[in-house]
Amino acid sequence: MRKIAIITDTASDLELADIEKYDIRMLHYQIVYKERTYKDQLEISSKEVLDNLEQEIPSTSLPSLEEMHSVFKEIEEEGYKEVLVIPISSGLSGCFNAVNMVKEEYTGLKTVVFDSKALSAAQAVLVIKAAQLADEGYSLEEIVKELEIMRKNQKTFFIVDTLKYLLHGGRIGHVSATVGKLLNLKPIIRIGDDGKYETVAKIRGRAKAIHYFADEVQKILSTGENYKIYFSHAKGEEIKESIIKEIKEIYPNISIEGDTWISPVACVHCGPGYVGMLIQKV
């Protein structure tokens, strides 16, 4: 058993195989319908959320305090003395603050809550890297330093097919949503240095949006440094494959990872047609 326990949340979109391989403890967001509340990934799938969006757009809430306590107690009982928690960006959710509050009750554990300033693939690669370093015997302090470097070398972009769900979740205003619908605008969103969403472009039409992604990759890869590219989506296979095709025409040997679906909780806010792209310096 390694010395450091690793915790993350379902916003990381980690696949079950990686969760099991790296012994990651998971905190589950909650998806709230009128009739029932579901634990993200455990009790409802991404496809189920998307298939039901026309009937009802649910709300979402943080992992329960009960679950947070349960995870910490389990780690404590297993004999761990150190814990590293890597939740979604503190700028996007209150999970970071909630975990910091809960950890204070476990004085026998040395716990660091690392602000990923990310979500989805960008968060997932930080979690996996932390687990790999812990397995190799790195100290908690050494792992945090490595993650800080890795986080600085991430560029993340998102595209959504419709502004409807961002509007419903309060991510954009009514005027922006109405104008976007009329003009067929596709917002290109990224995570800023503060860990919050920021719109970097509003592109008219899907084809131009796809080209924007490929163009951003070209700008970054033209430096000659080594990068990996990761994709995630929600019923966005066609858009994703079109982006990859354009990238491969310029950089046929670039390493492109994953075909990961975003978590159910992310589907609530993004809707079908979402595609996310992480450009990670290696």
Side-chain angles (χ1 to χ4, degrees), residues 11-15 17-18 21-22 46 86 88-89 116-133 146-161 184-193 195-263 266 270-282:
S12 63
D13 302 335
L14 275 170
E15 295 185 347
D18 286 327
K21 178 180 179 180
Y22 296 106
S46 300
I86 308 174
I88 188 176
S89 171
S116 68
K117 296 186 178 180
L119 77 164
S120 194
Q123 181 184 351
V125 297
L126 292 173
V127 174
I128 290 173
K129 184 66 172 180
Q132 290 172 335
L133 293 174
E146 289 294 322
L147 295 185
E148 287 172 346
I149 295 169
M150 194 172 180
R151 184 179 60 189
K152 289 179 182 178
N153 290 315
Q154 293 182 330
K155 300 290 184 183
T156 307
F157 298 90
F158 311 97
I159 182 175
V160 291
D161 200 44
N184 189 28
L185 291 179
K186 306 297 181 187
I188 308 297
I189 302 164
R190 71 181 178 192
I191 302 294
D193 292 337
K196 297 180 179 180
Y197 290 128
E198 58 183 35
T199 302
V200 293
K202 292 180 180 178
I203 310 298
R204 185 175 297 181
R206 180 181 293 185
K208 290 182 179 179
I210 289 168
H211 182 69
Y212 182 94
F213 269 63
D215 190 50
E216 286 300 310
V217 171
Q218 185 174 6
K219 288 178 185 176
I220 295 170
L221 267 61
S222 65
T223 61
E225 297 178 287
N226 293 324
Y227 291 87
K228 282 187 177 181
I229 300 177
Y230 299 80
F231 281 92
S232 58
H233 70 92
K235 286 189 176 179
E237 293 95 337
E238 183 181 344
I239 300 171
K240 183 201 69 175
E241 290 302 327
S242 296
I243 295 171
I244 292 174
K245 182 180 178 181
E246 282 206 27
I247 293 171
K248 286 287 191 178
E249 287 175 357
I250 307 168
Y251 296 98
N253 297 320
I254 184 67
S255 177
I256 295 180
E257 305 282 338
D259 185 20
T260 305
W261 271 72
I262 57 173
S263 62
C270 299
Y274 158 94
V275 175
M277 178 179 71
L278 164 66
I279 307 172
Q280 177 74 61
K281 184 179 175 181
V282 294

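Residue numbers count from 1 along this sequence.
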Open item on the list: Assess the residue pair V125 and E257 against the criterion (side-chain contact (heavy atoms from CB on, under 4.5 Å)); give the C-alpha distance rounded to whole Å, side-chain angles, the decisive distance to 0.1 Å, and a yes or no.
Closed with: CA-CA 11 Å; V125 297; E257 305 282 338; over 6 Å; no
Check: So V200 and Y212, side-chain contact (heavy atoms from CB on, under 4.5 Å) or not? Walk me through it.
Finding: CA-CA 11 Å; V200 293; Y212 182 94; 3.6 Å; yes
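Note that the CD atom of E148 and the CG atom of L126 stand 11.0 Å from one another [nearest 0.5 Å]. Annotation: the span from I191 atom CD1 to Y197 atom OH amounts to 5.5 Å, rounded to 0.5 Å. Rounded to the nearest 0.5 Å, atoms CD1 (I247) and CD1 (I254) are 8.0 Å apart. Expressed to the nearest 0.5 Å, how far CD1 of I250 lies from CG of L221 amounts to 9.5 Å. Atoms NZ and CG, from K228 and L278 in turn, are 11.0 Å apart once rounded to the nearest 0.5 Å. Considering CD1 of I262 and CG of L119, their distance stands at 8.5 Å, rounded to 0.5 Å.
Contact of the I128 side chain with the L14 side chain is registered, since non-hydrogen atoms from C-beta on lie closer than 4.5 Å.
Of all non-hydrogen atoms in A121 and Y230, the two that sit nearest each other are CB-CB, 4.0 Å. Across all non-hydrogen atoms, the minimal contact from E216 to F157 is OE1-CZ, 3.7 Å. Closest approach of S120 to S232, counting heavy atoms only: OG-OG, 3.1 Å. When all heavy atoms are compared, the tightest approach of G273 to I239 is O-CD1, 3.5 Å. Of all heavy-atom pairs between G271 and A234, the closest is O-CB, 3.8 Å. Here the closest heavy-atom approach between residue D13 and residue S263 is recorded as OD1-N, 2.8 Å.
Under the 3.5 Å distance criterion, with hydrogens and angles disregarded, no donor-acceptor pair is assigned to the side chains of Q154 and T156.
Remark: R151 engages no residue in a side-chain hydrogen bond (donor to acceptor under 3.5 Å, both in side chains) (not counting sequence neighbours). Remark: E225 pairs with K281 by the salt bridge (charged side-chain N to carboxylate O under 4.0 Å, His left out) rule, at least two apart or across chains. K235 pairs by the salt bridge (charged side-chain N to carboxylate O under 4.0 Å, His left out) definition with D51, not counting sequence neighbours. Among residues two or more places apart in sequence or in another chain, the side-chain hydrogen bond (donor to acceptor under 3.5 Å, both in side chains) test is passed with K129 by none. Residues satisfying the salt bridge (charged side-chain N to carboxylate O under 4.0 Å, His left out) test with D215, not counting sequence neighbours, are K219.
Every pair passing ring-ring contact (aromatic ring centres under 6.0 Å, His included) that includes a residue from residues 231-253 is listed here, sequence neighbours excluded: H233-W261.
The neighbour count for E238 CD, taken as heavy atoms of other residues, nucleotides or ligands under 6.0 Å away, does not exceed 12. Around the NZ atom of K248, the shell of radius 6.0 Å holds more than 12 heavy atoms that belong to other residues, nucleotides or ligands.
At distances below 3.5 Å, not a single donor-acceptor pair connects side-chain atoms of N153 with backbone N or O atoms of Q280. Although no hydrogens or angles enter the test, the distance criterion places no donor-acceptor pair under 3.5 Å between the side chain of Q123 and the main chain of S89. Without hydrogens or angle criteria, E246 side chain to A214 main chain gives no donor-acceptor distance under 3.5 Å.
The only option from I279, I188, I203 that meets the side chain to side chain contact (heavy atoms under 4.5 Å, CB included) definition with F213 turns out to be I188.
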